[in-house]
Enquirer: 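Structure in structure tokens, see below.
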Amino acid sequence: MKIEFSSPLSNVENIIDSLKNKEGSLLPILHAIQKEVGYIAPKAIERIATKLKQTPAEIHGVISFYHQFRTTPPGKYQIKICRAEACQARGSRALEAHAKDFLAIDYHQMTSDKKFSLDSVYCLGNCATGPNIRINDELYGRISNQRFDQILSNVDSDLK
Amino acid sequence: MTTKIFIPRESTAISLGAHQVAQAFTHYLSQHDLDIKVIRNGSRGLFWLEPMVEIETAQGRMAYGPVAPADVASIMEDISQNILHEKPQCHALALGLTENIAYLKKQTRLTFARAGITDPVSLDDYLALDGFKGLQKSIALSTQEIVTAVVDSGLRGRGGAAFPTGIKWQTVRDATADKKYIVCNADEGDSGTFADKLVMECDPFMLIEGMIIAGLAVGADQGYIYLRSEYPIADAILQQAIEVAGVAGYLGNDVCGSGKSFNLEVRLGAEAYICGEETALLESLEGKRGMVRFKPPLPALEGLFGKPTIVNNVLSLAAIPFIMSEGSHAYQQYGTNRSRGTLPFQLAGNVKQGGLIELPFGSSLKDLIDDFSGGTASNRPIKAIQVGGPLGAYLPSHKLDILLDYEAFSKASAVLGHGGIVVFDDSVDMLEQARFSMEFCVVESCGKCTPCRIGSTRGVEVIDRIKNDERRAENMILLNDLCDTMIDGSLCAMGGMTPIPVRSAFTDFPQDFFLTTQENHHD
């Protein structure tokens with residue numbers, strides 16, 4: 001039977017081939033796939049396992065250990081709110097509540113239009129100017145509730 | 001002559017709009033006939049002033065901050081009408097000469113001497129300010145002479161554990177193996193810390209130089225920087241700097257014509273706090289779950305892929321170029337008791353003036369807060385200060401006389417760690433903070449040992465019962481016992497130190513646990 005690969009999966013093959021000879025290649029491979037595709041699908045896990053001569057369970061074990069890796073598609077904009085102490089000292093607990101209320105989702109969920117997914121993160125290293133959020137690869141400091149709403153409403157034009 | 005304007009490309013500045021400010025300057029300059037060029041520099045670490053813009057003058061750099069895009073036109077008018085005619089600055093955001101800003105002037109910047117002054121990926125800038133001088137001197141020395149210099153400097157690991165760096169290097173140097181590694185721990189996960197990030201974003205060649213010297217000292221030809229993925233800007237800048245250093249012959253198969261090889265690669269973590277623990281980090285680098293290893297064997301003897309490995313924090317490696325270039329004594333003369341040199345403290349949380357404060361060990365926490373913080377951002381009184389990250393004690397306002405050195409903190413059952421200082425005002429509920437410490441351990445435990453994996457979950461439950469007044473006195477005893485179990489039975493600092501902030505919360509803030517002073521003194 002011929003297996004039809006969608007284009008993301010053929011990219012996955014290329015990514016694995018280009019990185020698999022590095023020492024300790026699994027994390028670089030997972031990062032590269034997630035950057036390219038947005039998540040690491042079960043089919044990709046099988047491919048990685050075969051090419052690295054490991055079992056799918058081992059690959060899944062590594063993926064599930066790290067908060068960043070995901071096996072389902074994320075929202076177009078992945079919002080991460082810093083929950084760590086320095087942000088708490090500047091009001092992040094209130095921001096977390098506001099964000100969940102504003103988006104009407106909890107952590108590890110996605111809005112029904114698939115535009116936003118919401119996750120927590122433990123420290124973005126911007127501790128003197130919290131509360132902080134990250135949207136995709138962009139970092140935003142001093143996030144009041146109003147600024148949060150404003151950033152989200154402008155996100156389409158700001159994060160092209 | 002072209003005048004330079006400096007706008008940081010460092011992440012805090014960017015998070016507050018530095019790119020937009022830079023665009024506004026570039027746009028203004030394209031519309032006006034002025035011989036001015038925009039340089040993207042690092043940050044001085046004065047974060048309440050970011051984005052801070054500086055202009056070069058005959059007297060030194062003059063600063064403005066915090067600058068928004070809307071301020072750019074008026075700043076440019078001040079520059080063209082006053083600064084370019086050697087007249088004083090006249091603008092609401094004018095800060096005068098950067099070097100004279102008190103926050104900077106009161107510091108002793110050895111590791112951060114170049115931060116914010118240079119374009120972080122300009123090799124010329126680095127070389128002009130003593131860059132690679134330590135490497136050049138090291139190449140002329142024997143491997144033992146390099147290690148001895150590090151031992152003599154008194155440098156101790158800046159990641160938190162404070163193990164003498166030179167002894168670690170000696171162990172790796174003396175090991176016999178076909179392959180050795182230098183691993184830089186750049187998984188700076190402690191809340192309230194950002195000094196590693198500032199090194200990597202503002203002066204990456206210094207870290208690269210420190211790693212090359214480590215490689216020469218112990219005979220390692222491969223280095224890895226294990227960088228947390230929460231730092232994408234540091235990643236981009238490091239990649240650029242490694243590329244530049246390679247082209248210039250500082251990395252590769254013939255480091256500066258010495259005939260020795262050293263190659264360097266950045267590897268990203270994936271949001272796992274435990275990977276800051278050195279053995280979990282090595283597992284992660286090997287492509288595995290970041291599970292903590294038993295010690296012994298020490299990583300210095302059996303580390304990455306079972307080979308002798310130096311695992312050093314960014315700040316430890318970043319201190320090496322100064323030590324090698326200026327001599328062990330020059331570094332060792334700073335500090336107090338067994339804490340030698342300087343520590344880049346990081347002032348964060350609820351303060352008006354958060355930032356990077358490099359000082360010799362030995363001043364008091366109170367003096368640091370009084371001299372630098374400018375008070376709380378909320379204008380409310382300070383209730384607690386957590387020093388040393390999420391595994392550090394919460395110090396109450398009457399215990400701030402403590403001296404900032406490793407031994408003084410250890411004696412007070414507190415942690416100096418990586419030098420992060422997080423200030424809380426009186427609105428903080430310390431029971432909630434204790435609960436958070438346990439919850440953080442639930443989320444971030446690698447799961448290898450029971451006291452950490454299960455103990456933290458039980459800890460959250462016990463604290464919830466105390467909060468809800470379910471048999472409060474009995475549950476306080478249980479919480480205290482649980483802390484003992486975690487301290488005594490955990491494999492690494494994650495489970496073993498989580499009780500530190502928890503205990504400090506109920507010992508020093510008993511009112512938040514609804515305890516009278518008497519109830520708190522149980523056996």
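Values below: every heavy atom of this structure, side chains too, minus hydrogens, waters and symmetry copies. Proteins get letters first, then strands, A, B, ... in listed order; numbering begins at 1 in each.
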Enquirer: Counting heavy-atom pairs under 4.5 Å with chain A, which one of B:R267, B:K288, B:Q386, B:Q353 comes out on top?
Expert: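 Heavy-atom pairs under 4.5 Å are most numerous for B:R267.
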Enquirer: Test B:E188 against A:C123 for side chain to side chain contact (heavy atoms under 4.5 Å, CB included), laying out the working first.
Expert: CA-CA 9 Å; B:E188 185 178 50; A:C123 202; over 6 Å; no
Enquirer: Going by an N to O cut-off under 4.0 Å, is there a salt bridge joining B:E432 and A:R93?
Expert: yes
Enquirer: Give the minimum heavy-atom separation between B:S15 and A:N126, together with the two atoms involved.
Expert: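 Closest approach of B:S15 to A:N126, heavy atoms only: OG-ND2, 2.8 Å.
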Enquirer: Answer yes or no: is there an ion pair linking A:K80 with B:E230, defined by an N-O contact shorter than 4.0 Å?
Expert: no
Enquirer: Between B:G420, B:S427, B:S437, B:P390, which residue shows the highest count of heavy-atom pairs closer than 4.5 Å to chain A?
Expert: B:P390
Enquirer: Go through A:F65 and B:E283 one step at a time and tell me if the side chain to side chain contact (heavy atoms under 4.5 Å, CB included) criterion holds.
Expert: CA-CA 12 Å; A:F65 184 87; B:E283 289 287 300; over 6 Å; no
Enquirer: If you count heavy-atom pairs within less than 4.5 Å of chain A, which of B:G269, B:A377, B:A270, B:G355 leads?
Expert: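 Top count of heavy-atom pairs under 4.5 Å with chain A: B:A270.
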Enquirer: Do you know which two heavy atoms are closest between B:F194 and A:A128, and how far apart they sit?
Expert: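 Result for this residue pair: CE2-N, 4.3 Å.
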Enquirer: Non-hydrogen atoms of chain A under 4.5 Å away: do they reach the side chain of B:I274, the backbone, both or neither?
Expert: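 The side chain, not the backbone.
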Enquirer: Looking at chain B, which one of A:Q54, A:H67, A:Q34, A:E58 has the largest number of heavy-atom pairs inside 4.5 Å, strictly under?
Expert: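 The option with the most such pairs is A:H67.
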Enquirer: Can you tell which part of B:Y273 gets under 4.5 Å to a heavy atom of chain A, answering side chain, backbone, both or neither?
Expert: neither
Enquirer: Return yes when atom NZ of B:K179 has more than 12 non-hydrogen atoms of other residues, nucleotides or ligands closer than 6.0 Å, and no otherwise.
Expert: yes
Enquirer: Given heavy-atom pairs under 4.5 angstrom as the criterion, report whether the side chain, backbone, both or neither of B:C446 touches chain A.
Expert: both
Enquirer: Using 0.5 Å steps for rounding, measure from the CZ atom of A:R90 to the OG atom of B:S378.
Expert: 9.0 Å
Enquirer: What pair of heavy atoms forms the shortest contact from B:F436 to A:A84, and how long is it?
Expert: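 Heavy atoms of B:F436 and A:A84 come nearest at CZ-CA, 4.3 Å.
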Enquirer: Any chance you could lay out the side-chain hydrogen bond (donor to acceptor under 3.5 Å, both in side chains) test for A:Y122 and B:E271, step after step, and finish with the verdict?
Expert: CA-CA 8 Å; A:Y122 292 91; B:E271 297 179 11; over 6 Å; no
Enquirer: Should B:S284 and A:Y66 be marked as a side chain to side chain contact (heavy atoms under 4.5 Å, CB included) after you check the CA-CA gap, both sets of side-chain angles, and the distance that decides it?
Expert: CA-CA 10 Å; B:S284 183; A:Y66 297 94; 2.8 Å; yes
Enquirer: Contact part of B:V423 toward chain A, heavy-atom cut-off under 4.5 Å: side chain, backbone, both or neither?
Expert: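 Only the backbone of B:V423 comes within 4.5 Å of chain A.
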Enquirer: Going from SG on A:C127 to CD1 on B:I421, what distance comes out if it is rounded to the nearest 0.5 angstrom?
Expert: 12.0 Å
Enquirer: Between B:E50, B:M291, B:Q346, B:E265, who has the most heavy-atom pairs with chain A when the cutoff is under 4.5 Å?
Expert: B:E265
Enquirer: Determine the option with the most heavy-atom pairs under 4.5 angstrom with chain B, choosing from A:G91, A:A86, A:C87.
Expert: A:A86
Enquirer: At a 4.5 Å cut-off on heavy atoms, which part of B:E286 comes close to chain A: side chain, backbone, both, or neither?
Expert: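 It is the backbone, since no side chain atom gets that close.
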Enquirer: Could you tell me the separation between the CD atom of B:Q433 and the CD atom of A:Q88, rounded to the nearest 0.5 Å?
Expert: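 One gets 4.5 Å once the value is rounded to the nearest 0.5 Å.
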Enquirer: Identify which part of B:D190 has an atom lying under 4.5 Å from any heavy atom of chain A, answering side chain, backbone, both or neither.
Expert: backbone
Enquirer: So with a 6.0 Å cut-off around NE2 of A:H98, is the heavy-atom count from everything else above 12?
Expert: yes
Enquirer: To the nearest 0.5 angstrom, please state how far the NZ atom of B:K197 sits from the CG atom of A:L124.
Expert: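 Here the interatomic distance stands at 8.5 Å.
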Enquirer: Out of curiosity, A:R134 CZ to B:S229 OG, how far, rounded to the nearest 0.5 Å?
Expert: 6.0 Å
Enquirer: Which atoms of B:T193 come close to chain A, meaning under 4.5 Å heavy atom to heavy atom: side chain ones, backbone ones, both, or neither?
Expert: backbone
Enquirer: Count the heavy-atom pairs under 4.5 Å between each of B:V351, B:L198, B:V443 and chain A, then report the option with the highest count.
Expert: B:V443
Enquirer: What's the separation between atom CD in A:Q68 and atom CG in B:L268, rounded to the nearest 0.5 Å?
Expert: 7.5 Å
Enquirer: Who among A:C82, A:S64, A:P131, A:P28 has the most heavy-atom pairs with chain B under 4.5 Å?
Expert: A:P28
Enquirer: Quick check on the interface: out of A:R142, A:E85, A:K22, who has the most heavy-atom pairs with chain B under 4.5 Å?
Expert: A:E85
Enquirer: Is A:V121 close to chain B through its backbone or its side chain, or both, or neither, when contacts mean heavy atoms under 4.5 Å?
Expert: side chain
Enquirer: Does B:L16 reach the side chain of A:T129, with side-chain heavy atoms less than 4.5 Å apart?
Expert: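 The answer is yes, as the side chains (C-beta and beyond) meet within the 4.5 Å cut-off.
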Enquirer: When you check the gap from the basic side-chain N to the acidic O, do A:R83 and B:E439 get nearer than 4.0 Å?
Expert: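 Counted as a salt bridge, because a side-chain N and a carboxylate O are separated by less than 4.0 Å.
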Enquirer: Out of B:G290, B:G17, B:G189, B:G447, which one racks up the most heavy-atom pairs below 4.5 Å with chain A?
Expert: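 The option with the most such pairs is B:G290.
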